[in-house]
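So that the names make sense, note that chain A is the first sequence line, chain B the second, and so on, each numbered from 1.
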Amino acid sequence: MTTVLFYILGFIMLTATLLCITRRNPVHAVIYLVAGFFALALMFYLLGAPLAAAWQIIVYAGAIMVLFLFIIMMLGLAPQETPEGPGWRRWGPLVLLSASLMVCTVLLIMQDPAAGKEIGDFYLAPQAVGESLFGRYVLAVEMVSFQLLFATIGAYLLGRPLSKGEGQ
Amino acid sequence: MSLSDLLAMLPILILAFGATAILMAGAWYREPLPLLAGGIVTALLGALSAGLVTPPVPEIAGLFSAGGYARFYTILWSLLAAAGLMTGSRYIIEKRIGAGEYVSLVLYAAAGMALLSSATHLVGLFIALETFTLAFYILIASNRNCALAAEAGLKYLLLGAVATGFMAFGIALIYAASGSLVLPDAVMRLKAETGELQAWGLLGWGMILIAVGFKISLAPFHLWTPDVYQGAPAPVTGLLATGSKGAVVAALVGLLAMSGPVWNDLTDLVWLLAALTMLAGAFGALGQSNLKRLLAYSSVTHMGTLLVGVLCQTSEGFAATTFYVVVYVVTSLGAFAVIASLADGRGEPMTFDQWRGLGYRHPVRCGVLVLLLLSLAGLPATAGFMAKFAVFHAALQSGYIGLLMIGILASVISFAFYLRVTMLLFQPDEKASSWHQGSVFEHTVLAVCSSAVLVLGLFPGLLFGLIRQILP
């Protein structure tokens with residue numbers, strides 16, 4: 001069962017990301033990417049990493065993709081005119097992908113209603129992730145936090161309005 | 001993490017927290033000179049602490065080594081940061097770049113390079129690599145009035161992201177095949193019982209090689225190099241050409257020196273990469289008429305030669321490669337520092353038309369440039385000759401005759417374009433205009449670089465003895 005689900009999810013993920021990079025409309029591309037991220041999250045769950053699955057949905061599908069959509073809308077990159085051809089051509093594939101994702105989710109829930117350890121041979125509890133992150137890998141976490149600090153500084157340095165006489 | 005771990009990473013802490021302190025100071029206090037001086041002192045303190053404080057533990061938190069090799073490179077990159085800040089001083093002041101941000105980014109990049117050179121864990125390797133790459137994305141585009149710099153920053157960002165993707169994928173495959181992230185276990189366990197690499201491990205190594213290829217611009221992944229070097233301001237290019245590449249090579253050498261001959265299945269591929277890189281760099285440089293682009297192609301050739309030393313996988317090859325890295329860093333930094341010191345309101349002198357006859361206007365600095373170019377070419381009595389000789393000698397001992405021939409051919413070709421620049425500098429040209437006289441900081445860097453080139457060329461044994469002691 002889990003093997004079958006794995007291949008179905010893999011197929012959904014590849015199709016969604018392939019559609020994502022071939023779409024002309026950036027909004028459509030983002031939506032397909034979200035579908036791909038959902039499939040990836042389910043796959044993480046299937047592999048026994050529920051925390052990674054939750055992060056995938058909250059951080060990537062949720063926060064980052066919303067930010068992408070926001071920027072696309074703000075810059076007015078989305079095409080204004082509707083393309084030719086019947087409408088289902090545009091929303092059909094997405095509905096199919098989402099429906100299959102839904103089916104996979106339902107199957108997963110039926111398989112493992114208590115979200116316990118029955119799926120797969122391996123189960124990584126969120127507690128273990130936390131202990132490893134802030135125990136063994138605490139230095140790596142600190143380095144990444146430094147990186148975020150300097151990324152913010154970079155965004156500020158490159159994004160603020162030009163001050164008087166700068167770069168002359 | 002214990003107190004002894006913290007003590008062992010004292011140089012990194014000095015660099016990182018020094019960077020943060022200068023950043024905070026820069027938020028209130030906008031005078032560039034004191035911030036710059038603070039940055040230079042911090043970098044020198046980092047180098048000093050790496051040299052003097054003996055770490056109480058051999059490994060920091062299981063991620064980074066605190067051994068002699070790591071400390072050696074920590075000193076080198078800290079000194080590089082100090083030199084980079086000195087060459088960048090006039091650029092920051094005249095272009096009114098935020099001094100606090102610039103100084104802290106350079107220090108932070110140095111911390112990243114030092115960590116990368118001492119990585120003993122694939123997670124540490126990955127994060128350290130991203131650390132200084134992130135700083136360079138920003139530094140390259142720091143002059144926002146220059147369209148070329150913005151283009152260079154974007155190109156470096158996009159290719160850096162591609163390289164990061166390959167790196168992460170490669171690390172994941174190696175982890176999947178070996179079940180370990182700790183070096184050198186992770187790569188040593190990749191061997192199947194027959195003695196060959198497992199298929200997934202081989203693919204993982206291939207991905208990592210591609211990522212390394214992007215970072216140190218091996219052919220065919222070198223195409224970004226000339227554009228980025230041309231667009232980035234010369235003080236940043238000096239750091240980018242030396243530190244960002246040297247640290248990656250240092251990590252590779254450290255990894256291979258720890259894990260023994262794990263590259264046997266990859267020998268042919270690396271052979272091809274090295275040969276292609278040396279020739280692509282040498283032939284690419286021939287057609288250039290812009291000094292920064294020429295130096296970019298020259299750096300491609302040098303990376304190919306470095307790869308020859310890495311390919312040998314003998315202790316002599318590793319020692320030669322380490323020596324080569326030091327020499328290349330000193331020489332290349334000096335060459336970009338000359339360009340930076342001449343820059344004035346018109347920008348940096350780049351095209352050959354601007355350089356023609358400049359030897360009569362600025363004899364001292366053009367003389368230094370000639371010395372550095374001849375060292376890059378590998379003229380005897382300069383450090384470049386000893387470095388090339390050591391690498392080629394190691395290749396000869398390991399039996400890579402074909403590669404040796406290609407390397408010598410590339411060296412001969414590179415003499416042609418280095419000599420072309422030398423002749424150009426001293427062609428009589430009435431129209432040659434005067435450029436900036438340079439600041440004390442810049443002249444200090446040039447003095448240090450040129451004397452290091454001469455000292456290392458005449459007494460290479462000093463450094464070689466040290467390197468033989470510290471190699472893991």
Side-chain angles (χ1 to χ4, degrees), chain A residues 6 10 13-14 17 20-21 33 36-37 40 43-44 46-49 52 55-56 60 64 68 71 75 120-122 124 128-168, chain B residues 1 5-6 9 12-13 15-17 19-20 23 26-27 30 60-64 91 94-98 100-102 104-105 107-109 111-112 115 121-128 130-146 149-150 153-154 157 181 233 345:
Chain A
F6 175 82
M13 200 158 72
L14 288 180
T17 39
C20 164
I21 57 170
L33 198 57
F37 281 158
L40 187 62
M43 202 175 255
F44 281 151
L46 207 61
L47 289 169
W55 281 343
Q56 182 71 27
Y60 285 89
I64 293 182
F68 262 58
I71 291 169
L75 296 180
D121 318 322
F122 176 79
L124 184 65
V129 177
E131 275 169 8
S132 153
L133 269 185
F134 293 99
R136 167 91 172 78
Y137 290 108
V138 64
L139 183 59
V141 173
E142 288 305 319
M143 283 172 69
V144 172
S145 68
F146 252 96
Q147 260 181 40
L148 289 177
L149 171 70
F150 278 94
T152 322
I153 290 155
Y156 165 71
L157 193 67
L158 301 182
R160 70 176 169 195
L162 277 175
S163 58
K164 206 176 154 210
E166 182 180 332
Q168 296 302 313
Chain B
M1 291 290 290
D5 279 339
L6 286 179
M9 65 184 301
I12 307 293
L13 292 179
L15 290 174
F17 286 107
T20 330
L23 185 71
R30 305 297 299 179
I60 306 162
L63 293 179
F64 301 102
Y91 164 71
E94 285 176 7
K95 305 277 179 195
R96 290 172 183 269
I97 311 291
E101 291 92 335
Y102 186 96
S104 62
L105 278 168
L107 291 177
Y108 175 66
L115 285 174
H121 192 285
L122 284 171
V123 169
L125 185 97
F126 182 74
I127 296 178
E130 287 318 299
T131 298
F132 73 77
T133 319
L134 182 92
F136 276 119
Y137 295 148
I138 305 161
L139 286 174
I140 290 173
S142 56
N143 182 4
R144 291 182 301 149
N145 262 356
C146 175
L154 189 65
L157 173 70
L181 284 169

Checklist outcome for this item: Under 4.5 Å to a heavy atom of chain A? For B:Ala149 that would be neither
Checklist outcome for this item: Nearest heavy-atom approach of A:Met143 to B:Tyr108 is O-OH, 4.3 Å
Next on the checklist: Nearest 0.5 angstrom please: A:Leu139 CG to B:Leu115 CG, how far?
Outcome noted: 7.0 Å
Checklist entry - Which region of B:Ala150, side chain (C-beta onward) or backbone (N, CA, C, O), has a non-hydrogen atom less than 4.5 Å from a non-hydrogen atom of chain A, or is it both or neither? => result neither
Checklist entry - B:Phe64 versus chain A, heavy atoms under 4.5 Å apart: side chain, backbone, both or neither? => result side chain
Checklist entry - Taking only residues two or more places apart in sequence, or in another chain, which ones meet B:Leu23 in a side chain to side chain contact (heavy atoms under 4.5 Å, CB included)? => result A:Ile153, B:Glu101, B:Ser104
Checklist outcome for this item: A:Leu158 and B:Ala141 have their tightest heavy-atom pair at CD2-O, 3.4 Å
Next on the checklist: Keeping A:Tyr137 on the side-chain end and B:Leu63 on the backbone end, is there a donor-acceptor pair under 3.5 Å?
Outcome noted: no
Next on the checklist: I want to check something: taking the side chain as every heavy atom from C-beta on, are A:Leu149 and B:Thr20 in contact at a cut-off of under 4.5 Å?
Outcome noted: yes
Checklist entry - Checking B:Leu6 against chain A: side chain, backbone, both or neither under 4.5 Å from a heavy atom? => result neither
Checklist entry - Would you say B:Ile127 and A:Gln147 make side-chain contact, with heavy atoms under 4.5 Å? => result yes
Next on the checklist: Could you report the tightest heavy-atom contact between A:Gly154 and B:Ile138, atom names first, then the distance?
Outcome noted: CA-CD1, 3.4 Å
Item to check | Atom pair CZ (B:Phe132) and CZ (A:Phe150), whose distance is rounded to the nearest 0.5 Å | outcome: 15.0 Å
Next on the checklist: Please determine whether side-chain contact (heavy atoms from CB on, under 4.5 Å) holds for the pair A:Leu157 and B:Leu105, giving the CA-CA distance in whole Å, both sets of side-chain angles, and the decisive distance to 0.1 Å.
Outcome noted: CA-CA 11 Å; A:Leu157 193 67; B:Leu105 278 168; 4.3 Å; yes
